[in-house]
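All chains are named by letter (A, B, ...) in the order of the sequence lines, taking the proteins before the strands, and each is independently numbered beginning at 1. Keep in mind that what you see is a predicted model, and the values were worked out from it rather than measured.
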Protein chains: 2
Amino acid sequence: MTDDGTLKPSTAYVLDEQVGYLLRLANQRHATIFQTHAVDGLTPTQFTALVRLAEHGKCSQNQLGRYAAMDIATIKGVVDRLRGKGLVQTEASQQDRRRSLVSLTPAGQDLVQDLYHAGEAITDETLAPLSPAEQRNFIKLLRKLG
Amino acid sequence: MTDDGTLKPSTAYVLDEQVGYLLRLANQRHATIFQTHAVDGLTPTQFTALVRLAEHGKCSQNQLGRYAAMDIATIKGVVDRLRGKGLVQTEASQQDRRRSLVSLTPAGQDLVQDLYHAGEAITDETLAPLSPAEQRNFIKLLRKLG
DNA sequence: GGAAATTCATTTGTACGCTAATGGTATGGG
DNA sequence: CCCATACCATTAGCGTACAAATGAATTTCC
């Protein structure tokens with residue numbers, strides 16, 4: 001689309017319109033907002049793991065990683081840190097000695113209830129630049145990219 | 001929306017509809033696709049830094065970080081690795097002895113041209129689950145969240 | 001002209017997120 | 001029964017991403 005093919009084909013490529021770049025920016029925005037609402041210093045990733053654990057109940061570490069869409073190396077660190085905060089506990093499985101079963105502590109169960117409220121506020125604030133209709137549409141499109 | 005207010009208010013909160021979670025998944029998807037197209041082992045972040053450097057030309061490390069929307073600690077690591085690949089070079093500024101000026105090497109300039117093509121393919125593949133109209137809409141909405 | 005504020009780059013520490021390698025455990029087929 | 005295969009967890013290594021602290025250089029403002 002340039003006058004001559006030799007110079008500045010670069011003008012056709014605009015970084016500010018590339019999904020990858022924009023997704024990174026949107027993630028940055030969300031992370032910043034999440035931090036201001038942070039409950040107990042939780043990160044978005046730790047939040048996800050806690051919610052999934054509440055949904056599914058006690059399960060193996062690997063299984064929790066799959067529920068939360070996290071790598072096995074990632075979920076290990078997340079579980080370690082949640083255990084450090086006293087929100088989660090682990091125990092060896094009797095049936096399968098490879099497994100370490102993860103479950104919420106009472107403190108973790110209490111916290112999850114607070115998280116639901118915080119989560120809604122965080123979502124609202126993140127989507128604030130969009131109209132209600134745009135918000136619904138954006139979520140719908142995002143889900144197609146999961 | 002539960003039968004009684006005491007049990008399972010959690011059902012009102014669906015993680016799979018929260019922006020933060022979905023953005024994380026979309027980013028995962030994009031990162032995976034990027035990797036399959038990777039030129040010279042570049043990461044999306046390094047890609048962004050190179051393109052911004054090509055757009056703006058020689059500038060200080062901090063300035064490049066602002067152009068690329070990266071933390072000063074992050075851009076340092078990115079510049080270090082790009083220098084390690086021989087795509088970027090740094091020199092001390094004469095006017096301001098605090099600054100280290102970053103610029104593309106000839107190899108870096110050559111690579112940027114390839115990156116534009118790879119970038120388009122990556123964007124196309126990432127957005128493949130959406131129709132053309134949905135793609136345009138999605139980008140439009142994403143830009144509002146920048 | 002000099003103190004205060006700003007800017008630049010670096011370093012440290014924490015937290016993802018992935019790959020790859022390792023070793024223990026379980027299971028299914030021959 | 002045993003071997004191949006699969007699964008589970010851990011570890012090491014690389015690359016973002018941010019906060020906070022440091023030290024050096026520059027600007028600004030009185």
Exercise for the section: Could you state the atom-to-atom distance from CD1 of A:I75 to P of C:dC16 in whole Å? Expected result: 9 Å
Exercise for the section: Round to a whole Å and report the spacing from CG of A:L23 to P of C:dG17. Expected result: 14 Å
Practice task
Ignoring hydrogens and angles, tell me if any N or O in the side chain of A:Q135 forms a donor-acceptor pair with the backbone of A:L127 under 3.5 Å.
Solution key: yes
Problem - Backbone of B:E120 reached by a side-chain donor or acceptor of B:T123 within 3.5 Å - result: no
Practice task
Figure out the CG/C1' separation between A:L82 and C:dC16, and round it to whole Å.
Solution key: 13 Å
Practice task
Please state how far atom CG in A:D80 lies from atom P in D:dA12, giving the value in whole angstrom units.
Solution key: 13 Å
Fill in the blank from the handout: In 5'-to-3' order, the base (B), backbone-only (S) or no-contact (-) status of each nucleotide in nucleotides 14-19 of chain D, using a 4.0 angstrom heavy-atom cut-off, is -SBBBB
Practice task
Taking only the side-chain nitrogens and oxygens of B:N62, find out if one of them lies under 4.0 Å from OP1 or OP2 of C:dT7.
Solution key: no
Handout entry: Partner of A:E125 under side-chain hydrogen bond (donor to acceptor under 3.5 Å, both in side chains), chosen from A:H37, A:H30, A:R29
Key = A:H37
Exercise for the section: Verify the neighbour count for atom NZ of A:K58: are there more than 12 heavy atoms of other residues, nucleotides or ligands below 6.0 Å? Expected result: no
Problem - Spacing between A:Q61 atom CD and D:dT10 atom C1', to the nearest angstrom - result: 9 Å
Problem - Closest listed nucleotide, where the reference is the side chain of B:K76 and the choices are D:dA9, C:dA9, C:dT10 - result: C:dT10
Exercise for the section: Please examine the side chains of A:L50 and A:Q46, heavy atoms only from C-beta on, and report whether any two atoms are closer than 4.5 Å. Expected result: no
Completion exercise
When rounded to whole Å, the CZ to P distance for the pair B:F34 and C:dC18 reads 16 Å
Exercise for the section: Can you sort out the partners of A:E55 under side-chain hydrogen bond (donor to acceptor under 3.5 Å, both in side chains), two or more places apart, ordered by chain and number? Expected result: A:R52
Handout entry: Footprint string (nucleotides 21-27 of chain D, 5' to 3'): B base within contact, S backbone only, - free, heavy atoms under 4.0 Å
Key = ---BBS-
Exercise for the section: Could you tell me whether a side-chain N or O of B:T105 sits under 3.5 Å from a main-chain N or O of B:G86, the two making a donor and an acceptor? Expected result: yes
Practice task
Assert yes or no for the condition that the ring centre distance of A:Y21 to B:F47 is strictly below 6.0 Å.
Solution key: no
Fill in the blank from the handout: From the list B:R83, B:R99, B:Q61, side-chain hydrogen bond (donor to acceptor under 3.5 Å, both in side chains) with B:T90 holds only for B:R83
